[in-house]
**Q** 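My questions all concern the structure below.
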Amino acid sequence: MSEQAKKEVLLKVNHVSKRFTSKGVCVRAVTDVSFEVNKGETIGIVGESGCGKTTLGRCIVRAIEASEGEVLYQTLAGETVDFLKVDKQQMKKIRKEIQMIFQDPYSSLDPRMTVVDIIAEPLKANYPKMPKEERERLVMDIAKKVGLNTTYLKRYPHAFSGGQRQRIGIARALILKPQIIVCDEAVSALDVSIQAQIINLLRDLQREMQLTYIFISHDLSVVEHISDKVGVMYLGKLVEYGETEKLFASPRHPYTEALLSAVPVADPDVQMDRIPLEGEIPNPANPPSGCYFHARCRYCTEKCCTETPEWREVDGRMVACHRADELSLRGFDYSQEA
Ligand code: SF4
């Protein structure tokens, strides 16, 4: 990735919130999330199950409508648009530039369609007049690129393994030549060795096709391998956001510290020193006062229980913790990983 490409902002997520209301109860799934994504970068979004990361990803691609905020996107044509507000006609043009890869390769593929038809489907929808031969040529090209054996493309998804099905999902997302791909737990359902293959494939494709990823995962070791920057979410809010290595080596938020302490190390002789997270994640329909993390935080003070921490820059990253300047927190030990 060149320095120039690094600096080109492709997506600005500004103050995005999502609330769900049911039977008079309002659940804040995502609250006031902001970050920027540069062209060619990978942004990892991590947090425990239920922290709002998938909802955030869905709001960004407009699979669901955000309640508030904007997503400023620089289109391939060079215009900047608020992707959350574009009308149907504009959406038809831009939709293909932002694609999503889903968590479960078993259920995200239609079992009644052959693989060649699954991969070709977005082309049919977006370019209905494209000649069949050209469509098939593009499908073959992308299938080869993602490492699928083109001899078997007339088969149905059930004939493929989990890793191959995820390759089919990636081919379907890439066939329209997007700029951005939101990967929602894209490798979570796969065995560890297959995960590594898919991660390597995503990295190779990123280099080759100048792709930008938003990589949503609960697995910090996966996120660490693929991301340039990481955002940590807790109860619908970003609590820390910054460059991966910096954030992993010296976290400034106690929740990041606790998550990092639970990352397994591939060495049976290394003693895990896990920081236990006491208690349950609070109910997002009735979030706690002050810092949302205070009931589970071992550094909590009186102020934390009543005052919401400001989202501010500390040590070259953004963080929401009253004590971010003074605490000396334990990071991920890179020497153990090596
Ligand atoms: Fe812990 Fe207080 Fe920081 Fe919240 S603001 S993470 S409770 S120290």
Side-chain angles (χ1 to χ4, degrees), residues 13-19 26-36 43-56 68-69 216-221 223-224 227 229-263 272-333:
V13 176
N14 284 336
H15 307 291
V16 167
S17 296
K18 175 67 185 173
R19 294 181 294 274
C26 174
V27 176
R28 294 163 192 270
V30 175
T31 305
D32 200 16
V33 168
S34 300
F35 61 93
E36 283 185 4
I43 306 293
I45 303 287
V46 294
E48 289 165 290
S49 168
C51 71
K53 54 192 189 302
T54 290
T55 306
L56 173 65
E68 275 149 31
I216 296 166
S217 178
H218 68 280
D219 187 337
L220 270 82
S221 43
V223 165
E224 187 239 327
S227 307
K229 292 181 190 147
V230 173
V232 180
M233 279 187 83
Y234 184 75
L235 207 68
K237 289 184 176 183
L238 268 186
V239 293
E240 188 162 5
Y241 179 77
E243 283 169 22
T244 308
E245 199 160 328
K246 198 164 203 179
L247 192 138
F248 272 54
S250 57
R252 287 286 179 175
H253 196 284
Y255 180 58
T256 313
E257 182 193 42
L259 288 183
L260 289 172
S261 76
V263 174
M272 294 273 296
D273 188 9
R274 197 175 174 147
I275 299 167
L277 276 174
E278 306 289 345
E280 297 287 310
I281 302 180
N283 181 357
N286 185 22
S289 58
C291 170
Y292 280 7
F293 188 57
H294 80 249
R296 304 174 80 193
C297 180
R298 56 188 188 150
Y299 308 103
C300 177
T301 62
E302 221 170 285
K303 182 180 177 186
C304 304
C305 304
T306 51
E307 283 182 37
T308 304
E310 199 189 323
W311 182 238
R312 64 198 170 107
E313 192 176 336
V314 176
D315 187 23
R317 90 286 308 272
M318 298 300 290
V319 62
C321 170
H322 292 307
R323 305 188 62 195
D325 310 271
E326 56 170 296
L327 292 173
S328 169
L329 303 178
R330 178 154 55 91
F332 184 67
D333 188 347

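Just follow the structure's listing: the first ligand is 1, and inside any ligand the first atom is 1.
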**Q** Going through the checks in order, is the salt bridge (Lys or Arg N to Asp or Glu O under 4.0 Å) test met by R317 and D315?
**A** CA-CA 6 Å; R317 90 286 308 272; D315 187 23; 3.2 Å; yes
**Q** Just grab all the ring pair (Phe, Tyr, Trp, His ring centres under 6.0 Å) pairs involving residues 298-325, residues at least two apart or on different chains.
**A**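 As it turns out, there is no ring pair (Phe, Tyr, Trp, His ring centres under 6.0 Å) pair with a partner in residues 298-325 once direct neighbours are skipped.
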**Q** Report the residue from Y292, F293, Y234 that forms a side chain to side chain contact (heavy atoms under 4.5 Å, CB included) with V239.
**A**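 Per the side chain to side chain contact (heavy atoms under 4.5 Å, CB included) rule, the option paired with V239 is Y234, out of Y292, F293, Y234.
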**Q** Any chance CD of E302 has more than 12 other-residue heavy atoms, nucleotides or ligands included, within less than 6.0 Å?
**A**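 Counting neighbours around CD of E302, 12 or fewer heavy atoms of other residues, nucleotides or ligands fall under 6.0 Å, so no.
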**Q** Show the protein residues that qualify under the rule heavy atom under 4.0 Å from an atom of ligand 1, listing them in chain and number order.
**A**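 Close residues (ligand 1, cut-off 4.0 Å): H253, P254, C291, F293, H294, C297, Y299, C304, C321, H322, R323.
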**Q** Can you check salt bridge (Lys or Arg N to Asp or Glu O under 4.0 Å) on E257 and R252, steps first, answer last?
**A** CA-CA 8 Å; E257 182 193 42; R252 287 286 179 175; over 6 Å; no
**Q** Does CZ belonging to R28 count more than 12 external heavy atoms closer than 6.0 Å?
**A**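 No - once you tally the heavy atoms of other residues, nucleotides and ligands closer than 6.0 Å, there are 12 at most.
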